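Taking it in order: structure first as structure tokens, then the write-up.
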Amino acid sequence: MDTPSTPSNFLRAIIEEDLKNGKNDGRVCTRFPPEPNGFLHIGHAKSICLNFGLARDYGGRCHLRFDDTNPGKEDPVYVNSIKEDVHWLGFDWGEHLYHASDYFEPLYAFAVELITKGKAYVCSLSAEDMRLYRGTLTEAGKNSPYRDRSVEENLDLFTRMRAGEFPEGTHILRAKIDMASPNMNMRDPALYRILHQEHQNTGNAWCIYPMYDFAHGLSDSLEHITHSICTLEFADHKPLYDWILDQLDVPSRPRQYEFNRLNINYTVTSKRKLKNLVDNGVVNGWNDPRMPTISGLRRRGFPPVAIRDFCERSGVSRSDSCVDMGVLENCVRENLDAAAPRAMAVLRPIKLIIENYPEDKEEFFELANHPKNPEMGSRKVGFSREIFIEAEDFMENPPGKYFRLSPGREVRLRGAYLVTCQDVLKKSDGTIKAVICTYDPESRGGDAADGRKVKGTLHWVSARHCAQAEVRLYDRLFTVESPGKEADFLTQINASSLEVLTECKVEKSLTQASGEARFQFERQGFFCADRYDHGPDRAVFNRTVTLRDSWAKVTK
């Protein structure tokens, strides 16, 4: 086995010690077990990278297992999105795709075994009474009056529960542990509940469904998982995980290890809150580019390699922390700066007319697709008498240190010519209709023949050779670092998180870009062709990130 090139952490140390001691017959088998009740988010990406990455690095395998024990909240749409996300991130489960529902029969048999051993009982308390009997963090709970039912009565009731004789809420199967335990999860937790709901994988075959804590460890055991890796929120559940496995005759004995959850400022990574954003119409679905879902980040243009890099940089430890959103955005910038070809796009155009350039003339400039990578080749960009520049690149009365275009000032049109502003044409309402310039024919390519220097360089597109595009400027969805901490998170939405520009002018070749193709629009930022809406007849680009971290200045 090759030595892992990634930084070490406590999980790697555990695995290496296990391999050194011959534990688990030298096997490493991990799993990623999402519940199909929503789309995966950036926090799940860390778990995916960790579980699949550890299995890869230590010559093992990682299973994809759907924790589909709650049919009322699950949907095949979520199942398909999860599969797509894992593949897009660069990982593959091969033949090892499983569902907790694959094990409903053996899980039922394990429940019967617990009952037979006197370790589980059918409780008939109402949900409200169960809460009252459970106690509090400072007060012990008290035993259910049904706790001492005989094994025979429990088996009979559980069999009839499965047969569908009882309405929802009338009975529940509970573990018989300790109602005085300081760990609330050990106070006779629920193992099975009645749900008369069709399951997306098993149809109407079942009307009782196992609870997550019961199904999880036993599914790990049935799959011969060696290292069951989960986030710190499950640390309090570990005693129950171990208790269930220790009571039963299981095929293997996995071990649970907890690592720090990936928390990022200026966002939320709770499926419940993300679903709330979708259901309330705050965003346009789970794959809205403002969402921290993997599909949302993908649609925004985040490369999978940048997300994997970010997950690696965020580190693996036993203590929770919050990572700055700027770290993720910088991982994206670093990747795209090296990988994204350059192009010119004018987002808020004003027309520039070169009055001494012949009306019937056109020419083409050969511009590099990447200034530092000749292997990315070049492209021909058309030029004509009328071009478009950014509205912000012209000011009639500029302040000091403004080096862009203004009356009497000369600037460089990127890769083309030097031009000097001579006049301004205005509409009846006083807004600018066009800027009139002259060009220096001897400055082809952007440098003056006499060696004079200009400080301003503008990007542009030729009116004759451009295409119209819609550009969506995405920004952070929340205005505060910790949404929901001091107020309802729905009241902390960034009203400027999306601006749609419909009159943008772009190089015509960009209309032929494939969905998800990424570019640096010079002086603007990194953008990608929308994977759903972009096409030859309708160019649509999403801003992935700006060229610099503008939020760093805001937070200062």
Side-chain angles (χ1 to χ4, degrees), residues 34-48 66-68 70-89 200 262 264 266-304 306-307 310 325 328-329 332 469-479 483-484 488-502 513-518 526-535 537-545:
E35 185 178 357
N37 62 352
F39 281 49
L40 300 182
H41 54 66
I42 186 68
H44 293 112
K46 178 174 178 176
S47 183
I48 292 168
F66 289 100
D67 167 35
D68 54 351
N70 194 359
K73 296 184 177 180
E74 295 158 6
D75 194 301
V77 170
Y78 299 142
V79 171
N80 293 330
S81 73
I82 289 168
K83 291 179 184 177
E84 188 175 341
D85 288 345
V86 174
H87 272 146
W88 179 76
L89 276 175
Q200 53 99 13
L262 179 54
I264 308 177
Y266 291 101
T267 192
V268 293
T269 52
S270 153
K271 271 197 209 172
R272 178 182 58 81
K273 289 182 177 179
L274 294 175
K275 189 174 187 301
N276 203 326
L277 291 171
V278 174
D279 292 346
N280 281 283
V282 176
V283 294
N284 299 315
W286 287 91
N287 61 12
D288 187 299
R290 292 167 291 179
M291 290 279 273
T293 55
I294 295 174
S295 58
L297 298 175
R298 175 181 181 177
R299 188 174 181 183
R300 186 157 168 172
F302 284 33
I307 295 177
F310 170 70
M325 175 66 81
L328 172 58
E329 292 170 342
V332 174
E470 176 179 310
V471 175
R472 300 164 180 172
L473 302 179
Y474 291 101
D475 207 338
R476 298 182 188 183
L477 188 56
F478 295 95
T479 57
D488 180 354
F489 76 106
L490 291 176
T491 67
Q492 299 171 323
I493 301 295
N494 178 11
S496 303
S497 63
L498 171 60
E499 182 182 3
V500 180
L501 306 177
T502 58
S514 59
E516 298 186 74
R518 304 177 186 93
F526 295 100
F527 294 75
C528 79
D530 188 88
R531 64 182 297 215
Y532 300 111
D533 297 336
H534 176 83
D537 299 324
R538 185 191 175 205
V540 179
F541 292 91
N542 302 326
R543 183 171 68 189
T544 306
V545 287

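Basis for what follows: all heavy atoms, side chains included, without hydrogens, waters or symmetry-related copies. Please read all numbers here as calculations on a predicted model, not as lab measurements.
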Measure the spacing between [atom1] of [X] and [atom2] of [Y] and express it to the nearest 0.5 Å.
{"X": "I48", "Y": "H87", "atom1": "CD1", "atom2": "NE2", "result": "11.0 Å"}
{"X": "Y266", "Y": "E329", "atom1": "OH", "atom2": "CD", "result": "10.5 Å"}
{"X": "H534", "Y": "S514", "atom1": "NE2", "atom2": "OG", "result": "7.5 Å"}
{"X": "R299", "Y": "T293", "atom1": "CZ", "atom2": "OG1", "result": "10.0 Å"}
{"X": "I264", "Y": "R476", "atom1": "CD1", "atom2": "CZ", "result": "10.0 Å"}

Does the distance from a Lys or Arg side-chain N to an Asp or Glu carboxylate O, for R272 and E35, drop under 4.0 Å?
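Salt bridge between R272 and E35, a charged N being under 4.0 Å from a carboxylate O: no.
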
Between R298 and E84 (salt bridge meaning N to carboxylate O under 4.0 Å), is one present in this structure?
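The answer is yes: the pair qualifies as a salt bridge.
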
Could you label the plane-to-plane angle of the W286 and F39 rings as parallel, tilted or perpendicular, counting under 30° as parallel and over 60° as perpendicular?
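Rings of W286 and F39: parallel, under 30°.
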
Show the nearest heavy-atom pair for residues [X] and [Y], with the distance to one decimal.
{"X": "K73", "Y": "Y78", "value": "O-CE1, 4.0 Å"}
{"X": "F302", "Y": "R518", "value": "O-NH2, 3.8 Å"}
{"X": "G38", "Y": "I82", "value": "O-CD1, 4.2 Å"}
{"X": "P36", "Y": "F66", "value": "CB-CD2, 4.1 Å"}
{"X": "V268", "Y": "L274", "value": "O-CD2, 3.6 Å"}

Say whether S497 and R290, considering side chains only, have a donor N or O and an acceptor N or O under 3.5 Å apart.
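There is such a pair between these side chains.
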
N/O donor-acceptor pair under 3.5 Å between Q492 side chain and G484 backbone
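Checked: pair present.
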
Please identify each residue that fulfils ring-ring contact (aromatic ring centres under 6.0 Å, His included) with F527, with sequence neighbours left out.
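Only F521 meet the ring-ring contact (aromatic ring centres under 6.0 Å, His included) criterion with F527.
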
Using the side-chain contact (heavy atoms from CB on, under 4.5 Å) rule, take F478 and N494 through it: C-alpha gap first, then chi angles, then the decisive distance, then the call.
CA-CA 5 Å; F478 295 95; N494 178 11; 5.8 Å; no

Does atom NZ of K273 have more than 12 heavy-atom neighbours, drawn from other residues, nucleotides or ligands, at distances under 6.0 Å?
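Result for NZ/K273: enclosed.
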
